[in-house]
Amino acid sequence: MKRKGFGFSLPVTAVILVIGFIYFSTVFTFIDRWLSLASSPGIANAAAFTALALMCVYNYSIAVFRDPGRVPPNYMPDVEDPQSPVHEIKRKDEAFDGIRMKLCVPQGGDLRYCQKCSHFKPPRAHHCRVCKRCVLRMDHHCIWINNCVGHTNYKVFFVFVVYAMTACVYSLVLLVGSLTVEPQDEDQEMGSYLRTIYVISGLVLVPLSIALGVLLGWHVYLSLQNKTTIEYHEGVRAMWLAEKGGQVYKHPYDIGAYENLTLILGPNILSWLCPTSKHIGSGLRFRTAFDSAPVSSGTKP
């Protein structure tokens, strides 16, 4: 489903310009100068980098234009549903979003309700102050895609970061390799032009590679535990409150590293590399660690 009301965004424009600059400088300067675009190695590297660039643009465009997940206007949580053993509630005494067993909802607090949107919030949904609506399985609002990262576009956002970091590192390798080539018959004007390209490319690629590497590592960590960025920060507080009360907190949506990845990225590696398949599930209900366990009437963290 496409977004509504998308307009001009300076950060998105900047990302597109950076992608274009890196692509053209890599193919027509680094590869051509080092390997020559007329040679087989040059053609092979140009084709490989072009494929990376196309995957970056493809996934980035989907992350920008796809709606991250809307809460249905008629959504109503069913606390009597035996297939949904846990519900997220808003506790009155601790002012944080916690997870409690279904039978404890009436005693533990209120079902999560968005006053701004005037409807109940499904599990893992949060209100975005920028988008001015609730987003299913919201991770964060990203200015670089001018959109929220949520249930329906998290996968393409994750894969975009993978391809973008790979392309930056690949371009850096080609940049360094092309510097080993001795200049032949380059006039002063051409030499000045190439120095400018190399300086700008280095200033862009080095910090960008580091930033994307850190971002990728962070989302790999979150995906292995089936957490969102919001849930990570909420979990830190929930863990502290649980330890304070002599209990042990465990993230309820963590069902094992491999299962977590397949729920987010798909059932096989091919779907991870080329995310042509849609997101998994409706975003209104998620598997939890309690699904296979009997529902207890006692309070659990």
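On a predicted model such as this, the values are computed, not experimentally measured, just so you know.
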The test is side-chain contact (heavy atoms from CB on, under 4.5 Å); show your working for Cys117 and Val71 and say whether it passes. CA-CA 10 Å; Cys117 296; Val71 178; over 6 Å; no
I want to check something: taking the side chain as every heavy atom from C-beta on, are Leu136 and Pro122 in contact at a cut-off of under 4.5 Å? yes
What class does the angle between the rings of Phe24 and Phe28 fall in, given that below 30° is parallel, 30 to 60° is tilted and above 60° is perpendicular? parallel
Which heavy atom in Arg112 sits nearest to a heavy atom in Ala125, and how many Å separate them? NH2-O, 2.6 Å
Check whether Ser118 reaches the backbone of Cys114 with its side chain - one donor and one acceptor, N or O, closer than 3.5 Å. no
Starting at CZ of Phe160, measure out to SG of Cys56 and round the result to the nearest 0.5 Å. 6.0 Å
Are any of the side-chain heavy atoms of Leu261 and Leu224 separated by less than 4.5 Å? yes
Looking at every heavy atom in both Pro267 and Tyr258, which two are closest together, and how far apart are they? O-OH, 3.8 Å
Note, Trp34 side chain near Pro41 side chain (heavy atom, < 4.5 Å): no
So, do Ile22 and Leu208 sit near enough that their side-chain heavy atoms are less than 4.5 Å apart? yes
Within the structure provided, determine whether Tyr75 and Arg70 are in side-chain contact (heavy-atom separation under 4.5 Å). no
Tell me, with the steps shown, if Asn147 and Val64 meet side-chain contact (heavy atoms from CB on, under 4.5 Å). CA-CA 6 Å; Asn147 195 8; Val64 171; 5.8 Å; no
Asn45 side chain to Tyr170 side chain, donor-acceptor N/O pair below 3.5 angstrom: yes
Do Cys168 and Leu212 make a side-chain contact, defined as non-hydrogen atoms from C-beta onward lying under 4.5 Å apart? yes
To the closest 0.5 Å, what do you measure between OG1 (Thr26) and CD1 (Ile197)? 10.5 Å
With Leu205 as reference, evaluate Ile210, Leu172, Val169 under the side chain to side chain contact (heavy atoms under 4.5 Å, CB included) test and give the passing residue. Leu172
What's the spacing between Glu234 CD and Arg124 CZ if we round to 0.5 Å? 10.5 Å
Between the side chain of Ser171 and the main-chain N/O of Ala167, is any donor-acceptor distance below 3.5 Å? no
Close side-chain approach of Thr13 and Phe8, heavy atoms under 4.5 Å: yes
Give the C-alpha distance, both sets of side-chain angles, the deciding distance and a yes or no for side-chain hydrogen bond (donor to acceptor under 3.5 Å, both in side chains) between Tyr232 and His251. CA-CA 9 Å; Tyr232 170 81; His251 183 58; over 6 Å; no
Is it the case that one hydrophobic cluster holds both Phe120 and Met138, taking links as side-chain heavy atoms less than 4.5 Å apart, direct or via other members? no
Shared hydrophobic cluster, Tyr253 / Ile255 (ILVMFWY, side-chain heavy atoms < 4.5 Å): no
Got a second to check how far His151's NE2 is from Leu284's CG, nearest 0.5 Å? 8.0 Å
Starting from Leu37, can I reach Ile43 by hopping between I/L/V/M/F/W/Y residues whose side chains sit under 4.5 Å apart? no
Shortest non-hydrogen pair, Ser223 vs Asn260, comes out as O-CB, 3.3 Å
Indicate the atoms forming the closest heavy-atom contact of Thr152 with Gly69, along with that distance. OG1-N, 3.5 Å
Between Tyr193 and Val204, is there a shared hydrophobic cluster once you connect ILVMFWY residues whose side-chain heavy atoms come closer than 4.5 Å? yes
Val27 and Leu194: same hydrophobic cluster, using ILVMFWY side-chain contacts below 4.5 Å? yes
Would Leu222 and Asp139 count as a side-chain contact (heavy atoms from CB on, under 4.5 Å) here? Give the steps. CA-CA 10 Å; Leu222 291 177; Asp139 186 271; 4.1 Å; yes
Tyr154 six-ring centre to Arg137 NZ/CZ under 6.0 Å and within 45° of normal: yes
Strictly by modelled atom types, are Tyr23 and Thr50 linked by a side-chain donor-acceptor pair under 3.5 Å? yes
Test side-chain contact (heavy atoms from CB on, under 4.5 Å) on Val156 and Tyr58; report intermediate values, then the result. CA-CA 9 Å; Val156 291; Tyr58 171 73; 5.9 Å; no
Correct closest heavy-atom pair for Lys116 and His127 would be CD-NE2, 3.6 Å
When rounded to the nearest 0.5 angstrom, what distance separates CZ in Phe30 from CG in Leu175? 4.0 Å
Quick one: NZ on Lys227 to NE2 on His233, what's the gap to the nearest 0.5 Å? 10.5 Å
Cut-off 3.5 Å, side chains only: do Tyr198 and Arg33 have a donor facing an acceptor? yes
N/O donor-acceptor pair under 3.5 Å between Ser39 side chain and Gly42 backbone: yes
Between Ile145 and Asn153, is any pair of side-chain heavy atoms under 4.5 Å apart? yes
Looking only at heavy atoms, what is the nearest atom pair of Met165 and Ser209, with distance? CG-O, 4.2 Å
Criterion salt bridge (charged side-chain N to carboxylate O under 4.0 Å, His left out) on Arg287 and Asp254, from CA distance to verdict: CA-CA 9 Å; Arg287 285 178 56 191; Asp254 184 0; over 6 Å; no
